[in-house]
There are 2 protein chains.
Amino acid sequence: MVEDAGTEVAVGRDGGQAIRRAVALLREVSASKAKGLGAKLSGLAEATGLTQPTAHRLLAVLLKEGLLERDSASRAYRLGPLLYEFGLAAAPRVDVRRMCGPTLDRIAAEAGDTAYLNSRSGTDALCLDRREGSFEIRALPVEVGNRRPLGVGAGALAVLASLPPGEADLVVAANEGRYRRHGLIADKVRTAIEATRARGFAVTTGRIVARYRGVAVAVGNGVGGVPVALSVIAIAERLDVRRIEAVAALLRREEAALRAAISGSLTTHKGRAA
Amino acid sequence: MVEDAGTEVAVGRDGGQAIRRAVALLREVSASKAKGLGAKLSGLAEATGLTQPTAHRLLAVLLKEGLLERDSASRAYRLGPLLYEFGLAAAPRVDVRRMCGPTLDRIAAEAGDTAYLNSRSGTDALCLDRREGSFEIRALPVEVGNRRPLGVGAGALAVLASLPPGEADLVVAANEGRYRRHGLIADKVRTAIEATRARGFAVTTGRIVARYRGVAVAVGNGVGGVPVALSVIAIAERLDVRRIEAVAALLRREEAALRAAISGSLTTHKGRAA
DNA sequence: CAGGAACTTCCGCAATGTGGAAGTTGATGT
DNA sequence: ACATCAACTTCCACATTGCGGAAGTTCCTG
């Protein structure tokens with residue numbers, strides 16, 4: 001293990017190597033679900049900085065334990081039944097999803113396109129929820145539970161840009177190597193963050209396939225301490241310059257309402273210290 | 001590591017010690033949620049057969065990774081935010097929960113007491129879903145996601161008794177040490193399995209607190225290959241001998257209907273090979 | 001405030017996990 | 001159909017990671 005630092009998680013080097021690596025693999029499998037191509041051994045090894053034999057052995061254990069399953073045809077790994085089961089038992093710290101449900105409903109209804117709720121999870125953005133609009137052609141590139149590096153996609157970019165600058169820089173640096181797989185590089189992300197901050201909302205065009213376009217607004221200081229963003233994704237033609245502004249206005253309006261609703265029920269759940 | 005074999009998982013001794021132990025701890029934390037008392041270090045160490053320092057170190061890593069959280073007041077561990085998030089992304093093999101939803105609705109409505117859906121997960125029973133009835137006093141000892149050794153509780157007993165005898169014996173043997181914490185021993189469980197098989201349904205009285213009583217019926221050959229049981233739990237007074245029979249009849253009726261519905265939509269999802 | 005239990009830290013030893021290299025399987029192109 | 005290549009899997013000698021007994025600390029409980 002002479003490797004350069006930086007490939008790995010880089011902080012907290014004491015103990016738990018195997019477990020940390022295993023969790024990194026799980027996160028990567030979870031992230032790979034977003035991009036169409038499944039989570040193959042080689043890709044996972046590369047993304048986590050592990051050698052192929054090591055990744056293989058760890059994955060085999062995770063498989064046997066039921067944390068992962070493997071598609072026999074494509075050989076791709078995916079999250080397993082035990083994780084689903086744990087998910088049933090694990091209550092979220094703050095139920096961001098429920099708190100934002102009505103907001104999402106209204107956004108999807110009014111915009112007619114798909115509304116998304118994204119939150120921060122470490123250096124990832126996580127799709128917490130979504131609502132489909134009434135328009136015939138639905139843009140559904142991301143599914144609930146999907147995970148990708150902060151900065152990739154409208155919602156994820158809005159979340160990233162809403163973090164304190166120092167924090168955002170750290171995240172971008174940590175994700176440096178992962179952006180390439182999404183057709184991005186760190187510098188482009190940094191530029192996009194600036195633009196998002198200046199504009200007040202995020203706009204993106206699907207990188208791999210330029211078929212979709214997204215508009216996103218971060219929620220004030222987050223929901224119960226968790227940074228989140230509201231976004232709308234549609235096929236590119238449906239989001240021309242004019243409509244982008246309209247959707248952004250809608251998102252901003254809903255963001256303000258949501259923030260008000262949250263501070264109203266502030267005393268309900270007190271945040272837990274880390 | 002001179003320890004006696006049998007304390008650990010006992011099969012598949014090759015590789016992945018750290019990860020296997022970590023998963024065992026997660027399962028135990030998940031199981032401890034059921035019994036009122038939280039998952040303390042000492043209990044987890046004992047239940048998993050680890051020494052306290054080892055358990056402590058592993059738990060610390062799981063904590064740092066976000067798979068667990070810790071209640072600062074009680075020092076008890078509980079499943080963390082990352083597991084909730086993975087749960088969103090992990091689709092269940094077969095959506096047992098949705099397939100049985102209407103059945104549960106009807107049982108709860110007709111019985112007036114709480115209806116439960118339990119499935120097998122390894123050597124555990126897992127509460128997949130529940131519906132509250134209309135009766136004023138609700139028996140809600142178990143929550144969705146809760147996990148306890150197969151054999152503990154009506155639903156868990158019905159599931160266990162529905163397994164092939166050899167398989168059930170293995171499970172009971174594997175759970176040997178865990179029954180004590182629920183006021184049971186392996187031999188009592190074996191007797192209860194026999195009684196359940198003879199009777200055609202399971203009846204239990206809460207062991208730790210004899211306040212509740214439960215009636216359960218296993219679903220034919222399981223749902224999509226997963227062994228499951230339907231059950232009704234109520235305060236003991238509400239389930240006297242006469243009503244037990246009535247509830248059992250209701251459960252059996254619903255079980256038959258469910259089985260019919262399943263075999264009707266058989267071709268929909270083909271089971272995935274292990 | 002003393003006694004005890006639960007939790008946390010320490011550290012030398014060795015079992016577990018590591019990754020280069022070789023072997024196997026399966027996909028792709030001619 | 002066959003050759004070529006890439007992706008996956010297995011093997012094994014080595015040392016890093018993880019282990020747990022013992023000692024220290026904190027937090028209850030009487």
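Worth saying up front: this structure is predicted, and the values here are computed from it rather than measured. All chains are named by letter (A, B, ...) in the order of the sequence lines, taking the proteins before the strands, and each is independently numbered beginning at 1.
- Listed candidates were dG19(C), dT9(C), dG18(D). Nearest to the side chain of Thr51(A) is dG19(C).
- Regarding Gln52(B), its CD atom lies at a distance of 15 Å from the P atom of dA22(D), rounded to whole Å.
- When all heavy atoms of Val94(A) and Gly224(A) are compared, the pair lying nearest together is CG2-O, 3.6 Å.
- Of the two residues contacting DNA chain C, namely Ser74(B) and Ala73(A), the nearest-nucleotide position lying further toward the 5' end is that of Ser74(B).
- Exactly one of Leu44(B), Leu25(B), Leu62(B) qualifies for a side-chain contact (heavy atoms from CB on, under 4.5 Å) with Tyr77(B). That residue is Leu44(B).
- Side-chain nitrogen and oxygen atoms of Arg21(A) include at least one within less than 4.0 Å of the OP1 or OP2 phosphate oxygen of dT18(C).
- Atoms CG (Leu44(B)) and P (dA6(C)) sit 13 Å apart, rounded to a whole Å.
- Distance CG (Leu50(A)) to C1' (dT17(D)): 15 Å, rounded to an integer number of Å.
- Of the two residues near DNA chain D, Ala18(A) and Lys40(A), the one whose nearest nucleotide lies more 5' is Lys40(A).
- When heavy atoms are screened at a 4.0 angstrom cut-off, Ser42(A) is found touching the sugar-phosphate backbone but no base atom.
- Atom OH of Tyr77(A) is separated from atom C1' of dC8(D) by 8 Å (rounded to the nearest Å).
- Under the 3.5 Å distance criterion, with hydrogens and angles disregarded, a donor-acceptor pair is assigned to the side chains of Arg147(B) and Ser121(B).
- The phosphate of dC8(D) has neither OP1 nor OP2 within less than 4.0 Å of any side-chain N or O from Arg75(A).
- With DNA chain D read from its 5' end, the first of the two nearest nucleotides for Leu58(B) and Leu41(A) is the one closest to Leu41(A).
- Following rounding to the nearest Å, Ile19(A) (CD1) and dT17(D) (C1') show an atom-to-atom distance of 12 Å.
- With hydrogens and angles left out, the side-chain atoms of Asn175(B) and Arg148(B) include no donor and acceptor closer than 3.5 Å.
- Distance NE2 (His56(A)) to P (dT25(C)): 13 Å, rounded to an integer number of Å.
- If you take CZ of Arg20(A) and P of dT16(D), they are 16 Å apart, rounded to a whole angstrom.
- Between Arg21(A) and Glu65(B), none of the side-chain N atoms (NZ, or NE/NH1/NH2) sits under 4.0 Å from a carboxylate O, so this pair counts as no salt bridge.
- Spacing between atom CZ of Arg57(B) and atom C1' of dG18(D) amounts to 5 Å, rounded to whole angstrom units.
- Distances shown here put a side-chain N or O of Arg70(A) below 4.0 Å from the OP1 or OP2 atom of dT9(D).
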